[in-house]
A.B. asks: 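One structure, pasted below without further comment.
Heavy atoms only: backbone and side chains are in, while hydrogens, waters and symmetry mates are out. In each ligand, atom 1 is the first atom listed, and ligand 1 is the first ligand listed. Residue numbers count from 1 along this sequence.
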Amino acid sequence: MGLAVLVLAAGEGTRMKSSRPKVLHTICGEPMIHFVLKSVRSLNPERTIVIVGHRADEVKAALEGVDFALQEEQLGTGHAVSTVEDMLADFVGTVIVLSGDTPLLSAETLQRMLDIHTSNEAAATLLTARMNNPTGYGRIIRSSTGAVQAIVEQKEATDEQKAIAEVNSGTYCFDKEKLFEALKGIDSNNQQGEFYLTDAIKVLSDGGGTIMACLADEPEETMGVNTRVQLAEADRIMRGRINEKLMLAGVTLIDPTTTFIADSVTIGRDTVIYPMTFISGDTKIGENCIIGPASRLVDCLVGNAVVIESSVVKESVIEDSAELGPFCHVRPGTLVKTGAKVGGFVEVKKSEIGRGSKVPHLSYIGDTHIGDYVNIGAGSITCNYDGANKYQTVIEDGAFVGSDTMLVAPVRIGKGAFTAAGSVITKDVPADSLAVERSDQTIINDWAKKRRQRKDISES
Ligand code: UD1
Ligand code: CA
């Protein structure tokens, strides 16, 4: 039997008070709908159709490997599902409907719901949950024998119905033919003037169809994100799951509640992550590293035994045993090779720092190729920008750049060459030579003593 999945993502998400479509709001650094689609993918459906509407182009641009249906006017969840009837004309089988705003739903729970649906040959199967605070959700109405009869939306519910703790998660399995047949029987005569998908359940039940319910083991899985408060709550829960997975795989998180790691990140064994660290995007970290506290890594490839302390590193490669920070900023396009050091208050952009080379203090290195075992003295910077163009600096193996050297690019420091502290280097320096660019020092004997003896100064 075929399986098609419909993901509802056309609504505006008014309660978010945002110009961004709700399903693109992020949890743990990823649009929430990505998490829904990850769980869906593990069911291997024949078709996955995302129903878009409000700011459809933005939602489409954020998703890959799915089909789209356009719900031009958002007339309710039931109306949204109707828009795909033609697309599924030739499809036979089960249709799972879920919402792009339910990011905590696991693949296992979806599978369990599907199994219940299939084995009971049900017309529809709902994923339900018992909530301590069911406010906002549709309530499950059961008969005296326990059979599901209907779902009543919060806005339509009587006080008695509002007291029901079992809620609709907005996740369902339907027999395809019965679903579209039932949708023809719903109307928009309700508080919101919308076509509610939930009304299809009553239509099916009244028609004698079997309605099954699959009660979620963890109510939090079914949580819908409608407000920023719920967004923060979903973020916290997802973060907990990601962190737990990492810890069980051998990563030490000193304080998981203040460690923010995206689902996409991989981290090797015996790496220790200190608090207030944010790791996101396509980042891979090796074994035995020490990361943090207070660091941010985005799209980085980090080798083994790397130390990164209180630093920001983006789109860069940090090889084994390199040491970064405290307080450095490594900008995109940087390669820090094995055993190299980028120290305190150093900014590096689009540069290569060779094996064992050190940029320990207060430097700016931009558009620069530094060879192996180079030492850059404190306060030295590359002057890579003339206000119009950027230029390259090359510092060859074993060179020693004296403190506070200005390297005015384009410029090359030859192999093993030295620059004297405080020099402004505008011309290439040949290998093994010393470049000094500064005026001779003048000594005025007793100048200070005479100054102190002047009446006006000695009195003040
Ligand atoms: C819905 C359910 C409610 C359930 C809750 C679970 C209905 C009528 N109610 O309520 O029973 O407890 O989810 O979270 O279905 N959407 C469209 N097109 C539309 C309207 C909505 O695609 O015309 C999409 C939204 O983008 C969203 C999803 O459908 O992803 C759910 O819509 P939402 O307005 O959040 O429904 P709830 O009020 O949460
Ligand atoms: Ca919702």
A.B. asks: Is there a heavy atom of V167 sitting under 4.0 angstrom from any atom of ligand 1?
C.D. replies: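 Not so, V167 does not reach ligand 1.
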A.B. asks: Looking at E85, I want to see if its CD is surrounded by more than 12 non-hydrogen atoms of other residues, nucleotides or ligands under 6.0 Å.
C.D. replies: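 Enclosed: over 12 neighbouring heavy atoms sit under 6.0 Å from CD of E85.
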A.B. asks: Do G136 and ligand 1 have an N or O pair less than 3.5 Å apart?
C.D. replies: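 Between G136 and ligand 1, no N or O pair is found under 3.5 Å apart.
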A.B. asks: Is there a polar contact, in the sense of an N or O pair closer than 3.5 Å, between I51 and ligand 1?
C.D. replies: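 Between I51 and ligand 1, no N or O pair is found under 3.5 Å apart.
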A.B. asks: Please compare L6, T14, T77, V152 and report which has the shortest non-hydrogen distance to atom 8 (C) of ligand 1.
C.D. replies: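 Nearest heavy atom to atom 8 (C) of ligand 1 lies in T77.
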A.B. asks: Specify the protein heavy atom at minimum distance from atom 18 (N) of ligand 1: its residue, its atom name, and the distance to 0.1 Å.
C.D. replies: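 Answer, as residue, atom name and distance: Q71 OE1, 2.7 Å.
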A.B. asks: May I ask you to decide whether K22 forms a salt bridge with E12, counting only side-chain N to carboxylate O separations under 4.0 Å?
C.D. replies: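 Salt bridge between K22 and E12, a charged N being under 4.0 Å from a carboxylate O: no.
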A.B. asks: With carbon and hydrogen excluded and only N/O/S kept, which atom of D101 is nearest the Ca ion (ligand 2)?
C.D. replies: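 It is OD2 of D101.
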A.B. asks: In the protein, what heavy atom is nearest to atom 22 (O) of ligand 1, and what distance, to one decimal place, separates them?
C.D. replies: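 That would be A10 N, 2.9 Å.
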A.B. asks: Can R55 and S19 be said to form a side-chain contact (heavy atoms from CB on, under 4.5 Å), step by step?
C.D. replies: CA-CA 9 Å; R55 292 185 176 251; S19 56; 4.0 Å; yes
A.B. asks: Give the single entry among E153, R15, K155, M131 that approaches atom 37 (P) of ligand 1 most closely by any heavy atom.
C.D. replies: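 Result: the heavy atom closest to atom 37 (P) of ligand 1 is in R15.
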A.B. asks: Hey, which of E153, E156, K155 is the one that makes side chain to side chain donor-acceptor pair (under 3.5 Å) with Y196?
C.D. replies: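 Passing option: E156.
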A.B. asks: How close does the nearest protein non-hydrogen atom get to atom 16 (N) of ligand 1, and which residue and atom is it?
C.D. replies: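 For atom 16 (N) of ligand 1, the nearest protein heavy atom is G11 N, 3.7 Å.
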A.B. asks: Give a yes/no on ligand 1: does K22 have at least one heavy atom closer than 4.0 angstrom to it?
C.D. replies: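 Checking ligand 1 against K22, which is what was asked, there is a heavy-atom contact under 4.0 Å.
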A.B. asks: Decide, yes or no, whether a salt bridge links R142 with E166 under the criterion of side-chain N to carboxylate O below 4.0 Å.
C.D. replies: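 A salt bridge is present here (some side-chain N lies under 4.0 Å from a carboxylate O).
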A.B. asks: Purely on distance, is any nitrogen or oxygen of S99 under 3.5 Å from one on ligand 1?
C.D. replies: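 No, since none of the N or O atoms of S99 sits under 3.5 Å from an N or O of ligand 1.
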A.B. asks: Could you tell me whether K341 and E323 have a side-chain N and a carboxylate O separated by less than 4.0 Å?
C.D. replies: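 Yes, this pair counts.
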A.B. asks: Is ligand 1 under 4.0 Å from a heavy atom in the side chain of H54, in the backbone, in both, or in neither?
C.D. replies: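 Answer for H54: neither.
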A.B. asks: Identify, for atom 23 (O) of ligand 1, the protein heavy atom at the shortest distance, and state residue, atom and that distance.
C.D. replies: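 Nearest neighbour among protein heavy atoms for atom 23 (O) of ligand 1, to 0.1 Å: G76 N, 2.8 Å.
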A.B. asks: Do D367 and K349 meet the salt-bridge criterion of a basic N to acidic O distance under 4.0 Å?
C.D. replies: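 Salt bridge: yes.
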A.B. asks: Inspect the contact between R241 and D263 and indicate whether a charged nitrogen and a carboxylate oxygen are less than 4.0 angstrom apart.
C.D. replies: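 R241 and D263: not salt-bridged.
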A.B. asks: Of all the non-hydrogen atoms in the protein, which one sits nearest to atom 13 (O) of ligand 1, and at what distance?
C.D. replies: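 In this structure, atom 13 (O) of ligand 1 has G170 CA, 4.5 Å as its nearest protein heavy atom.
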A.B. asks: Just need the protein heavy atom nearest to atom 30 (O) of ligand 1, so name the residue and atom and give the distance.
C.D. replies: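 Its nearest protein heavy-atom neighbour is L8 O, 2.8 Å.
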A.B. asks: Is it the side chain (CB and beyond), the backbone, both or neither of N226 that lies under 4.0 Å from ligand 1, heavy atoms counted?
C.D. replies: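 Just the side chain.
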A.B. asks: Let's go through E221 and S106 carefully: what are the C-alpha distance in whole Å and the side-chain angles of both, what is the deciding distance for side chain to side chain donor-acceptor pair (under 3.5 Å) to 0.1 Å, and is it a yes or a no?
C.D. replies: CA-CA 7 Å; E221 265 198 45; S106 71; 3.2 Å; yes
A.B. asks: So is G53 close enough to ligand 1, meaning a heavy atom under 4.0 angstrom away?
C.D. replies: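 No, G53 has no heavy atom closer than 4.0 Å to ligand 1.
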A.B. asks: Given side-chain contact (heavy atoms from CB on, under 4.5 Å), test L126 with F174 step by step and report yes or no.
C.D. replies: CA-CA 9 Å; L126 323 174; F174 289 101; 5.7 Å; no
A.B. asks: What distance separates S321 OG from N288 CG, expressed to the nearest 0.5 Å?
C.D. replies: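 Going from the OG atom of S321 to the CG atom of N288 covers 9.5 Å.
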A.B. asks: Heavy-atom distances under 4.0 Å decide this one: backbone, side chain, both or neither, for A80 against ligand 1?
C.D. replies: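 It is the side chain that gets close, since no backbone atom is under 4.0 Å.
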A.B. asks: Heavy atom of T102 under 4.0 Å from ligand 1?
C.D. replies: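 Contact absent.
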A.B. asks: Of all heavy-atom pairs between S311 and C328, which one has the smallest distance, and what is that distance?
C.D. replies: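 What the structure gives for the nearest pair is OG-N, 3.0 Å.
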A.B. asks: Take atom 6 (C) of ligand 1 and look for protein heavy atoms under 4.0 Å from it; say yes if you find one, no if not.
C.D. replies: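 Protein heavy atom within 4.0 Å of atom 6 (C) of ligand 1: present.
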A.B. asks: Would you mind checking which non-hydrogen protein atom is closest to atom 4 (C) of ligand 1, with the distance to 0.1 Å?
C.D. replies: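 Sorting protein heavy atoms by distance from atom 4 (C) of ligand 1 puts N168 O, 3.2 Å first.
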A.B. asks: Specify whether an N/O/S atom of N226 falls short of 3.0 Å from the Ca ion (ligand 2).
C.D. replies: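 Under 3.0 Å: N226 contacts the Ca ion (ligand 2) through an N, O or S atom.
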